[in-house]
Amino acid sequence: MRIQVLTIFPELFGPFLATSLVGRAIARGLLAVEVRDLRDFAEDRHRSVDDEPYGGGGGMVMMAPPWIRAVRALMAAGGEGDEGGEGGGATAGAAGSPGFGPWRVLLSPQGARLDDAKVRELAARRGLILLCGRYEGIDERVRQTVVDEEVSIGDYVLSGGELPAMVLIEALSRQVPGVVGQAESVAQDSFRGGLLDHPHYTRPPVVEGLAVPAVLLSGDHAAIRRWRGEEAVRATRAKRPDLLEGGVGPGRVLDC
Ligand code: 4GX
């Protein structure tokens with residue numbers, strides 16, 4: 001999977017992309033992430049990307065032309081990230097024509113909330129362009145011309161789309177085949193549907209007077225499996241009863 005990021009703070013991504021699972025996925029060629037400075041697509045010698053809002057009011061608004069130029073340039077340099085558009089209606093056509101090229105996602109509090117289903121859906125695409133805005137917002141015509149979808153990571157206000165983009169990249173990377181190891185992905189995809197994870201323990205056996213549940217030391221693997229299933233349901237009922245509403249069917253444990 002190929003992900004291109006547009007931001008005025010590319011330096012925020014350095015250590016994130018070099019570390020842990022994401023870093024390893026990139027080093028192994030399973031994931032390609034390219035971070036581009038939006039200012040490289042500005043039209044003046046000051047490399048301006050923001051201006052005062054029409055109609056007045058406080059704050060600054062990101063101008064449309066740098067975004068439009070940037071996204072079109074990344075689409076033209078598409079290569080491997082190109083794919084058909086929504087519904088797979090791929091037709092021969094120049095990069096930049098509608099429905100062709102990487103899927104373009106604007107991180108914003110006005111987007112649909114990111115969840116496991118959305119992560120899987122986006123992970124199925126070959127190429128993504130992530131647009132990270134700053135300031136009070138972005139000229140509406142950016143949405144109208146070069147954005148396929150808006151995604152939010154939650155109902156709170158951040159100062160920019162960079163952290164949401166990193167959240168999305170980390171979640172996406174876990175869905176790329178080969179990134180998460182066999183043992184972990186078995187735990188992640190077990191048949192206890194849509195439940196929170198069971199509690200975990202490691203050495204030492206007693207911490208602050210709290211002992212590890214005896215069943216985990218019993219060596220009885222069927223009993224351990226049963227206990228973990230019961231604890232997953234218990235944790236879900238206590239912390240996230242909304243997840244139980246659809247009933248417990250085949251699906252996935254939410255690994256948290
Ligand atoms: N989940 N923000 C983006 C600037 C902005 C505003 C409008 C585009 C359109 C956020 C979130 C979030 C703050 C990131 C405003 N860019 N993004 N930024 N929550 O709060 O995704």
Side-chain angles (χ1 to χ4, degrees), residues 1-17 22 31 33-44 46-75 86 101-125 127-175 240 242 254 256:
M1 167 170 225
R2 181 189 194 194
I3 303 173
Q4 296 167 291
V5 180
L6 280 168
T7 169
I8 59 167
F9 293 123
E11 65 274 19
L12 282 176
F13 289 81
F16 168 70
L17 295 175
V22 168
L31 184 67
V33 182
E34 293 145 40
V35 184
R36 295 294 311 266
D37 190 338
L38 179 70
R39 290 191 191 280
D40 292 347
F41 301 92
E43 291 173 310
D44 62 334
H46 305 292
R47 297 170 34 101
S48 312
V49 293
D50 63 314
D51 205 339
E52 292 156 3
Y54 278 124
M60 298 295 271
V61 175
M62 295 191 99
M63 304 155 65
W67 283 112
I68 295 171
R69 291 202 334 158
V71 172
R72 297 220 165 118
L74 298 192
M75 307 271 294
E86 185 94 271
W103 189 250
R104 302 159 301 184
V105 177
L106 173 65
L107 288 310
S108 119
Q110 289 154 70
R113 181 87 59 86
L114 185 65
D115 62 10
D116 184 59
K118 177 57 69 182
V119 170
R120 287 167 188 268
E121 185 188 309
L122 291 173
R125 297 193 178 271
L128 295 177
I129 298 178
L130 306 184
L131 287 72
C132 306
R134 286 256 154 187
Y135 309 112
E136 272 46 71
I138 196 164
D139 189 302
E140 189 62 23
R141 292 162 294 184
V142 175
R143 285 191 183 86
Q144 293 173 321
T145 52
V146 293
V147 172
D148 294 308
E149 180 173 12
E150 274 183 87
V151 169
S152 165
I153 65 161
D155 291 339
Y156 38 81
V157 180
L158 300 168
S159 303
E162 289 78 11
L163 284 168
M166 287 187 248
V167 167
L168 181 54
I169 291 167
E170 186 161 298
L172 287 169
S173 71
R174 302 179 59 84
Q175 299 303 328
R240 290 293 308 278
D242 57 299
L254 292 174
C256 35

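Just follow the structure's listing: the first ligand is 1, and inside any ligand the first atom is 1. When reading the values below, keep in mind they use all heavy atoms of this one structure, side chains included, and skip hydrogens, waters and symmetry mates. Numbers here simply count residues along the sequence, with the first being 1.
The environment of Glu43 atom CD is dense: over 12 non-hydrogen atoms of other residues, nucleotides or ligands sit within 6.0 angstrom.
In this structure, CG in Leu130 is found 5.5 Å from CG in Leu128, a value given to the nearest 0.5 Å.
Judged purely by atom type and a 3.5 angstrom limit, Arg36 has no side-chain atom pairing as donor or acceptor with the backbone of Val5. In this structure, the side chain of Arg141 does not engage the main chain of Ala64 through any donor-acceptor pair within 3.5 Å. The main-chain N or O of Arg47 is found under 3.5 Å from a side-chain atom of Arg39 such that the two form a donor-acceptor pair.
Near ligand 1, Leu106, Leu107, Ser108, Pro109, Gly133, Arg134, Tyr135, Gly137, Ile138, Arg143, Val151, Ser152, Ile153, Gly154, Tyr156, Val157, Leu158, Gly160, Gly161, Pro164 each place a heavy atom less than 4.0 angstrom from the ligand.
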Could you tabulate the donor-acceptor pairs under 3.5 Å formed by side-chain atoms of residues 150-166, not counting sequence neighbours?
residue, atom, partner, partner atom, Å
Glu150, OE1, Ser108, OG, 2.7
Glu150, OE1, Arg143, NE, 3.1
Glu150, OE1, Arg143, NH2, 3.3
Glu150, OE2, Arg143, NE, 2.8
Ser152, OG, Gly154, N, 3.0
Ser152, OG, Gly154, O, 3.2
Asp155, OD2, Arg113, NH2, 2.8
Tyr156, OH, Ile153, O, 3.1
Glu162, OE1, Arg134, NE, 2.9
Glu162, OE1, Arg134, NH2, 2.9
Glu162, OE2, Thr7, OG1, 2.7

